[in-house]
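Read through the structure below, which is laid out as structure tokens, and then see the notes.
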Amino acid sequence: MPNSAPDLDEPIHLAPYDPAWAALGPALADRLADGLRGLAVAAGAEHIGSTSVPGLAAKPVLDVRIGCAPGETDAVVGHVRGLGFEYLGEAGVPGRHYLRRRDEQPANVHVVELGGPLWTDNLLFRDHLRAHPEEAARYARAKREAAVATGRLLAYSAHKAATVAELLARAREARA
């Protein structure tokens, strides 16, 4: 199974928010979750990432987070691979199994422990941006700066990491 930086470090660009993402992301999450129920795997699937935040510019790639019990990860990854997704291992994030598909509707799937920190933090971040447009606007500025400065996934992610950490900390404070 490939897990190298050159495979992961693809060119990126941001697109204006597309209202179709609001239906496409949850539909993909539902399709993935339905298939997993057929395997008798207890899992949750959520549309995450910038395409899940109304009005936010994003890489035009849907992101779905699947949460499952650690003992079910291999079955979940195998199922998603069977749907045409390429498996890239943890891809620099311990505890996350990253898969992607690059076709007419590009998508990423992140398999993590259901209820674990990678699951809860990502949903908290998404929900915080949805509820706080000023925070979403701040994130949008950081994303634009990162995309212009870098143009590639790994550098883009690193460039905006401090803003993500700061916004996640604010989301945690707001939740408390």
Side-chain angles (χ1 to χ4, degrees), residues 1-22 24-26 28-29 32 45-67 77 80-81 84-112 116-172:
M1 289 184 238
N3 190 18
S4 64
D7 290 336
L8 178 66
D9 196 22
E10 61 191 348
I12 60 102
H13 73 279
L14 295 182
Y17 180 75
D18 183 344
W21 294 335
L24 292 170
L28 176 58
L32 291 165
E46 291 278 344
H47 179 208
I48 61 164
S50 295
T51 61
S52 71
V53 179
L56 188 59
K59 298 183 313 293
V61 178
L62 300 174
D63 282 279
V64 171
R65 178 135 296 179
I66 296 177
V77 168
V80 176
R81 287 183 77 192
F85 284 81
E86 173 188 21
Y87 180 68
L88 294 167
E90 288 186 330
V93 180
R96 174 192 74 172
H97 296 270
Y98 176 72
L99 301 99
R100 70 179 179 195
R101 184 180 66 204
R102 299 295 182 256
D103 57 11
E104 66 279 353
Q105 179 52 73
N108 300 322
V109 174
H110 314 259
V111 180
V112 301
L118 292 174
W119 175 264
T120 57
D121 281 353
N122 209 278
L123 296 179
L124 178 64
F125 187 76
R126 177 200 66 192
D127 294 347
H128 184 75
L129 293 180
R130 285 177 173 175
H132 298 90
E134 70 287 355
E135 299 279 63
R138 181 162 183 263
Y139 185 46
R141 286 190 300 277
K143 288 165 58 72
R144 279 192 302 276
E145 291 170 10
V148 168
T150 67
R152 296 200 67 85
L153 181 61
L154 296 178
Y156 166 80
S157 297
H159 195 278
K160 65 185 181 77
T163 301
V164 170
E166 194 174 311
L167 291 171
L168 182 56
R170 287 185 193 176
R172 288 177 179 138

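Computed from a prediction, not measured in an experiment: that's the story for all the values here. Heavy atoms only: backbone and side chains are in, while hydrogens, waters and symmetry mates are out. In this chain, numbering begins with 1 at the start of the sequence shown.
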- Begin from the C-alpha positions of E134 and R138 and carry the test salt bridge (Lys or Arg N to Asp or Glu O under 4.0 Å) through to its verdict. CA-CA 6 Å; E134 70 287 355; R138 181 162 183 263; over 6 Å; no

- Message: Apply side-chain contact (heavy atoms from CB on, under 4.5 Å) to residues W21 and L56 and explain how you reach the verdict.
- Response: CA-CA 11 Å; W21 294 335; L56 188 59; over 6 Å; no

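Looking at residues two or more places apart in sequence or on another chain, you find no side-chain contact (heavy atoms from CB on, under 4.5 Å) involving A165. For R144, there are no salt bridge (Lys or Arg N to Asp or Glu O under 4.0 Å) partners, not counting sequence neighbours. Listed by chain and number, the residues in a side-chain hydrogen bond (donor to acceptor under 3.5 Å, both in side chains) with E46 are R126 (sequence neighbours excluded). Annotation: side-chain contact (heavy atoms from CB on, under 4.5 Å) contacts of V93 (sequence neighbours excluded): R96, L118. For S52, there are no side-chain hydrogen bond (donor to acceptor under 3.5 Å, both in side chains) partners at least two apart in sequence or on another chain. Residues meeting the side-chain hydrogen bond (donor to acceptor under 3.5 Å, both in side chains) test with Q105, sequence neighbours left out: none. Partners of H110 according to the ring pair (Phe, Tyr, Trp, His ring centres under 6.0 Å) rule, which considers only residues two or more places apart in sequence or in another chain, are Y98. Here D121 pairs with R172 under the salt bridge (Lys or Arg N to Asp or Glu O under 4.0 Å) rule; sequence neighbours left out. Among residues two or more places apart in sequence or in another chain, the ring pair (Phe, Tyr, Trp, His ring centres under 6.0 Å) test is passed with H159 by none. Here Y139 pairs with F125 under the ring pair (Phe, Tyr, Trp, His ring centres under 6.0 Å) rule; sequence neighbours left out. Among residues two or more places apart in sequence or in another chain, the salt bridge (Lys or Arg N to Asp or Glu O under 4.0 Å) test is passed with R141 by none. Taking E145 as the reference, nothing meets the salt bridge (Lys or Arg N to Asp or Glu O under 4.0 Å) condition, with sequence neighbours excluded.
A distance-only check finds a donor-acceptor pair linking the side chain of D9 to the backbone of L153 [under 3.5 Å]. Under the 3.5 Å distance criterion, the side-chain polar atoms of E135 are left unmatched by any main-chain donor or acceptor of L129.
To the nearest 0.5 Å, atoms OG1 (T163) and CG (L168) are separated by 12.5 Å.
Nearest heavy-atom pair across V109 and F85 is CG2-CE2, 3.6 Å.
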